[in-house]
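Data block below; observations after.
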2 protein chains.
Amino acid sequence: MNSAEPKSSTLDLVAAVSSMLTPTERRIAEAVIAEPTLLAFGTVSDLADQVGTSRPSIVRFATKLGFDGYTELQQHVRSDLSHRLSRPSERIRHGGKESVPAKRAIGDAISSVFDAIEGDRVSRLVEPVVAAKKVWILSGETSQAGAHALHSGLSMVRPDVTLLEEHFFVGDLSDAGPEDTAVVFDFQRYRRQVAVAARVLAEAGVTIVAITDSPLSPLVDLADTWCQIEVPPVGPFDSSVPVVAMSELLVAQAAKDLHDAATSRIDRIEALWEATETFL
Amino acid sequence: MNSAEPKSSTLDLVAAVSSMLTPTERRIAEAVIAEPTLLAFGTVSDLADQVGTSRPSIVRFATKLGFDGYTELQQHVRSDLSHRLSRPSERIRHGGKESVPAKRAIGDAISSVFDAIEGDRVSRLVEPVVAAKKVWILSGETSQAGAHALHSGLSMVRPDVTLLEEHFFVGDLSDAGPEDTAVVFDFQRYRRQVAVAARVLAEAGVTIVAITDSPLSPLVDLADTWCQIEVPPVGPFDSSVPVVAMSELLVAQAAKDLHDAATSRIDRIEALWEATETFL
DNA sequence: GTGATATTGTAACGATATGAACAGCGCGGA
DNA sequence: TCCGCGCTGTTCATATCGTTACAATATCAC
């Protein structure tokens with residue numbers, strides 16, 4: 001569909017012919033510049049209504065830009081848009097073979113993390129974590145590093161955080177109850193293991209926060225809030241970098257939400273460390 | 001036109017019903033997740049062709065998501081997209097504002113990692129690791145996640161990798177000898193602890209590879225090879241992301257250097273996992 | 001194996017979009 | 001004033017869109 005690389009931005013095209021535009025065409029040009037989505041999503045009629053002109057004027061505008069008709073112009077705009085949208089992420093599993101250098105892969109994955117916490121998402125993810133009586137962290141092998149980061153970070157800002165890695169027993173979860181929250185890392189390879197444990201927790205009334213690499217994950221059903229991040233391959237293994245980044249952002253948000261409680265807690269822990277000669 | 005704020009992301013909607021999707025509907029879901037522009041720009045026919053199904057299945061998919069028809073679904077997706085385009089988030093290349101402070105910090109830190117391995121630096125760092133009889137990994141609290149990543153990765157591609165975290169005893173190092181290599185993570189806060197241990201190892205003839213955040217680190221003197229990376233603050237704590245990224249790049253390089261030995265070792269480990277029901 | 005149910009594809013419908021031909025309007029020059 | 005020309009809006013034809021109703025197929029329980 002949208003495989004062709006646009007030679008020039010659509011706005012450039014408009015600018016190129018701006019001097020030889022008729023009055024109504026100029027109004028059209030101003031409208032599409034002010035609101036590019038009109039061109040990408042709207043029909044000829046939509047544009048005509050918006051500008052206050054007739055449909056053929058829109059078509060003629062398209063031809064004046066060098067296209068065969070409005071359809072071609074719209075395709076050009078859309079391929080331009082798709083390009084911008086697919087740049088930061090989403091192209092790793094498909095188009096990108098393993099020829100993608102690790103640098104690009106990691107960079108894109110990091111972008112996907114920031115995409116995932118768009119808006120107030122990070123707040124919604126963290127909210128049950130700060131409100132919970134106890135916090136459980138479940139992870140498989142791929143997300144070990146992230147789970148570790150989340151555990152050590154959260155432990156600093158609030159009490160009762162338990163990390164269950166890899167080969168935990170379901171019995172470990174027996175204490176969990178409706179006032180608790182579980183953060184579950186759920187990635188391709190080790191999905192079933194954590195899925196089973198998460199189901200146990202969900203049935204016990206625990207609030208589930210899922211960090212997953214696919215919205216089709218079975219965990220998403222169980223989860224109260226969730227977010228999706230990419231896990232790119234680096235060398236022969238899957239990268240933990242996005243998971244760690246996400247974990248740290250969650251901790252940062254939790255620290256912000258807990259504010260005074262967190263800072264005093266951190267101070268106490270630091271003092272304890274100093275006292276026990278952690279610094280040698 | 002597109003002024004309405006989307007109540008929930010389209011991915012959320014797909015996820016919400018993902019468990020009650022029929023096989024073809026699931027294929028549709030996967031397609032639109034892999035290529036969101038299909039939904040935003042494509043027609044029912046486009047999607048049907050892409051997925052390899054009939055047009056009505058697409059419409060039924062839309063209704064199952066809670067919309068009156070495909071048109072409504074597409075409008076929702078488009079308003080979602082417009083939002084992302086208008087909001088300052090998506091702009092990584094263009095108006096690179098300091099939208100999220102943590103974002104910039106992490107991005108810069110990642111860049112520093114790639115700067116640090118410019119040229120053949122990563123090869124020089126890894127060379128003593130692959131050649132060593134035994135590999136020791138030393139880290140403090142800040143670099144725990146990175147050390148963990150390095151340990152689990154290296155363990156996959158070669159034997160005799162030992163991780164010593166935080167409160168290890170110097171006695172643990174008694175086995176180390178001139179044929180060994182130690183990778184030492186050495187960061188601001190927990191410098192003294194690892195510095196002491198590294199000195200012990202260096203005096204035992206162990207080759208030292210240092211990952212540090214400062215060229216002034218005392219470890220640089222002891223180290224045979226070293227590299228410097230940034231450790232940015234995220235919230236109240238230091239980020240592990242750069243350390244993890246560096247660790248993974250080291251593992252990837254080691255895997256490449258060891259090649260056949262590594263792959264056969266990975267295969268054996270995988271087989272062992274399967275046998276012990278890691279996948280449940 | 002058989003009936004019931006769920007799932008999927010086929011056919012037909014109205015609605016709408018685009019693009020082209022045609023007609024009215026305004027403006028400037030002779 | 002009249003004519004010519006470019007600009008704009010109206011009408012129409014055709015293709016395609018989204019949708020619904022219906023039939024065929026696959027799946028499962030008993």
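The model shown is predicted, which means the values in this text are computed figures rather than measured ones. Letters go in sequence order (proteins before strands), and every chain restarts at 1.
In terms of modelled atom types and a separation under 3.5 Å, the side chain of B:Ser82 and the main chain of B:Arg78 share a donor-acceptor contact.
OP1 or OP2 of C:dT8 has not a single side-chain nitrogen or oxygen of B:Thr53 nearer than 4.0 Å. Taking 4.0 angstrom as the limit, B:Thr24 places a side-chain polar atom (N or O) nearer than this to OP1 or OP2 of C:dT8.
Counting only N and O atoms by type, the side chains of B:Asp46 and B:Gln50 include no donor and acceptor under 3.5 Å apart. B:Glu248 and A:Ser239 are linked by a side-chain donor-acceptor pair at a separation below 3.5 angstrom, with hydrogens and angles left out of the test.
Between B:Phe41 and A:Phe41, the distance separating the two ring centers is shorter than 6.0 angstrom.
Separating the CD atom of B:Glu25 from the C1' atom of C:dA6 is a distance of 11 Å, rounded to the nearest angstrom. Computed from coordinates, the B:Met20 CE to C:dA6 C1' distance equals 16 Å when rounded to whole Å.
For the pair A:Val51 and A:Arg27, the tightest heavy-atom approach, listed with the atom from each and the gap, is O-NH2, 3.2 Å.
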Next item on the list: Take nucleotides 17-24 of chain C nucleotide by nucleotide from the 5' end and write B, S or -, depending on whether a protein heavy atom sits under 4.0 Å from the base, only from the sugar-phosphate, or from neither.
Entry: SBSB----
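Comment: A:Glu25 does not engage A:Arg60 in a salt bridge, judged by the lack of any side-chain N to carboxylate O separation of less than 4.0 angstrom.
When the shell of 6.0 Å around CZ of A:Arg121 is examined, it contains more than 12 heavy atoms from other residues, nucleotides or ligands. More than 12 heavy atoms of other residues, nucleotides or ligands sit less than 6.0 Å from atom CD of B:Glu72.
Scanning DNA chain D 5' to 3' for nucleotides with an atom closer than 4.0 angstrom to a non-hydrogen atom of chain B gives a first and last hit of D:dC17 to D:dT20.
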